[in-house]
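Structure first, then comments.
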Amino acid sequence: RADYVCQGKDDQVKLMASFATTGRYSVEWLPGDYYLSGTVILPPANNAVIEAEGTYFHYLPSTGDAIHIRGMLGCRYRFGTIETSSAGAAIRVQNPPGINALMSIVSFTGLLGHEQKGTGLYLDVSQEGICTNRFEGTDISGFDTGIFLGETHTKKTDTNWFFINSIRRCNT
């Protein structure tokens with residue numbers, strides 16, 4: 001029943017092909033192991049859904065982000081576990097100018113870092129603010145920074161909810 005089948009190498013290519021760039025999509029990534037040699041970039045979207053509970057993403061590069069969300073309005077993204085040794089982020093939310101991250105839910109089973117490098121969840125407001133979202137997860141572990149909320153004098157994070165069971169083995 002799958003439209004795309006990952007082969008355990010460069011899986012980010014098929015994962016990104018599974019959703020259209022029209023801004024509206026609903027996809028299911030089946031439980032299993034996915035090996036990422038590059039970032040999974042989620043384009044700006046309205047009312048999009050990604051059901052990926054039970055997935056285990058292995059992000060292999062030493063730099064960059066595993067999942068990069070580029071704008072979300074009323075979206076629901078449900079990920080499994082994301083494991084990385086990167087100096088980047090397991091999940092980065094960063095909007096292009098004029099694109100919002102509002103009224104969305106991002107959930108995950110676990111964000112697993114190694115050697116206390118990188119960031120588990122990074123809300124990057126360097127280009128646009130991130131407001132009124134819900135972030136929930138079971139565990140963030142092994143990063144330099146568990147959650148980083150970026151702030152500038154013109155852009156901000158505001159009224160976001162965080163429901164994280166535990167943040168452990170992180171420097172910050």
Side-chain angles (χ1 to χ4, degrees), residues 1-61 64-84 86 88-96 99-113 118-125 127-141 143 147-148 157 160-165:
R1 75 179 185 131
D3 294 326
Y4 298 91
V5 177
C6 295
Q7 302 297 318
K9 181 179 181 188
D10 300 325
D11 289 338
Q12 75 280 356
V13 174
K14 296 269 178 92
L15 293 173
M16 288 188 298
S18 70
F19 48 81
T21 58
T22 61
R24 288 184 172 224
Y25 49 85
S26 179
V27 297
E28 179 183 6
W29 295 340
L30 298 176
D33 289 291
Y34 295 86
Y35 293 88
L36 311 176
S37 61
T39 303
V40 174
I41 300 171
L42 305 182
N46 296 325
N47 300 311
V49 175
I50 295 177
E51 290 290 344
E53 294 174 314
T55 56
Y56 198 107
F57 297 102
H58 304 269
Y59 183 73
L60 304 174
D65 307 317
I67 306 286
H68 191 145
I69 300 170
R70 302 281 296 149
M72 55 186 184
L73 176 60
C75 296
R76 291 163 312 283
Y77 299 137
R78 293 181 177 92
F79 301 109
T81 299
I82 302 169
E83 182 177 15
T84 178
S86 171
I91 298 175
R92 178 188 298 256
V93 180
Q94 179 189 39
N95 307 319
I99 304 293
N100 294 312
L102 295 169
M103 300 178 291
S104 296
I105 300 171
V106 176
S107 66
F108 53 86
T109 303
L111 304 179
L112 303 178
T119 303
L121 176 61
Y122 184 7
L123 303 188
D124 184 345
V125 296
Q127 297 179 27
E128 196 61 62
I130 300 170
C131 304
T132 319
N133 299 289
R134 180 175 173 154
F135 299 92
E136 54 187 35
T138 304
D139 184 39
I140 299 175
S141 175
F143 293 97
I147 299 175
F148 184 76
T157 59
N160 291 298
W161 295 25
F162 297 89
F163 299 92
I164 310 297
N165 188 49

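Because the structure is a prediction, the values reported are computed rather than measured. Each residue takes its place number in the sequence, starting with 1.
- Across Ile140, Thr81, Thr138, a single residue satisfies side-chain contact (heavy atoms from CB on, under 4.5 Å) together with Phe108, and that is Ile140.
- There is no side-chain donor-acceptor pair under 3.5 Å between Thr109 and Glu53.
- Here the side chain of Arg76 pairs a donor or acceptor atom with the backbone of Gly74 at under 3.5 angstrom.
- Within the model, atoms CE of Met103 and CG of Asn46 stand 9.5 Å from one another, a figure rounded to the nearest 0.5 Å.
- Ile50 CD1 to Phe79 CZ: the interatomic distance, rounded to the nearest 0.5 Å, is 5.0 Å.
- Using a 4.5 Å cut-off on side-chain heavy atoms (C-beta onward), Lys9 and Ser37 make no contact.
- When all heavy atoms of Tyr77 and Ala45 are compared, the closest pair comes out as OH-CB, 3.7 Å.
- For the pair Asn95/Asn100, no side-chain contact is recorded, criterion being any heavy-atom separation below 4.5 Å from C-beta on.
- Within the 4.5 Å cutoff, no side-chain heavy atoms of Tyr59 are placed close to those of Ile67.
- Side chains of Val106 and Asn133 form no contact here, defined as non-hydrogen atoms less than 4.5 Å apart.
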query: Does the side chain to side chain contact (heavy atoms under 4.5 Å, CB included) test come out yes or no for Leu123 and Phe135, once each step is laid out?
result: CA-CA 10 Å; Leu123 303 188; Phe135 299 92; 3.5 Å; yes
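- Between atom CD of residue Gln94 and atom OH of residue Tyr122 there is a gap of 7.5 Å, rounded to the nearest 0.5 Å.
- Taking 4.5 Å as the limit, some side-chain heavy atom of Phe162 sits within range of a side-chain heavy atom of Leu121.
- Of the N and O atoms on the side chains of Asp65 and Thr39, not one donor lies less than 3.5 Å from an acceptor on the other residue.
- Remark: Leu112 CG to Asp139 CG distance equals 6.5 Å, nearest 0.5 Å.
- By the 4.5 Å heavy-atom criterion applied to side chains, Asp10 and Gln12 are counted as neighbours.
- In this pair, His58 and Tyr35 present their aromatic rings parallel. The plane angle is below 30°, not in the 30 to 60° band.
- Remark: Leu30 CG to Glu51 CD distance equals 11.5 Å, nearest 0.5 Å.
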- request: Begin with the C-alpha distance, continue with both residues' side-chain angles, and end with the deciding distance and a verdict on side chain to side chain contact (heavy atoms under 4.5 Å, CB included) for Trp29 and Asp11.
  value: CA-CA 11 Å; Trp29 295 340; Asp11 289 338; over 6 Å; no
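- The only member of Ile69, Ile91, Val93 that meets side-chain contact (heavy atoms from CB on, under 4.5 Å) when paired with Leu42 is Ile69.
- The two atoms that bring Ala66 and Ala90 nearest to each other are CB-O, 3.3 Å, heavy atoms only.
- Side-chain contact between Arg70 and Ile41 is present, with heavy atoms from C-beta onward closer than 4.5 Å.
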Test side chain to side chain contact (heavy atoms under 4.5 Å, CB included) applied to Phe143 and Thr119, step by step: CA-CA 6 Å; Phe143 293 97; Thr119 303; 5.6 Å; no
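- Here CE of Met72 is found 7.0 Å from CD1 of Ile130. Values are rounded to the nearest 0.5 Å.
- With a 4.5 Å cut-off on side-chain heavy atoms, Leu15 and Phe57 count as touching.
- Contact record, Leu36 with Pro61: O-CD, 3.4 Å, taken as the closest heavy-atom pair.
- The two residues Cys75 and Ser104 come nearest to each other via the heavy atoms N-OG, 2.9 Å.
- No donor-acceptor pair under 3.5 Å is formed between the side chain of Thr132 and the backbone N or O of Leu102.
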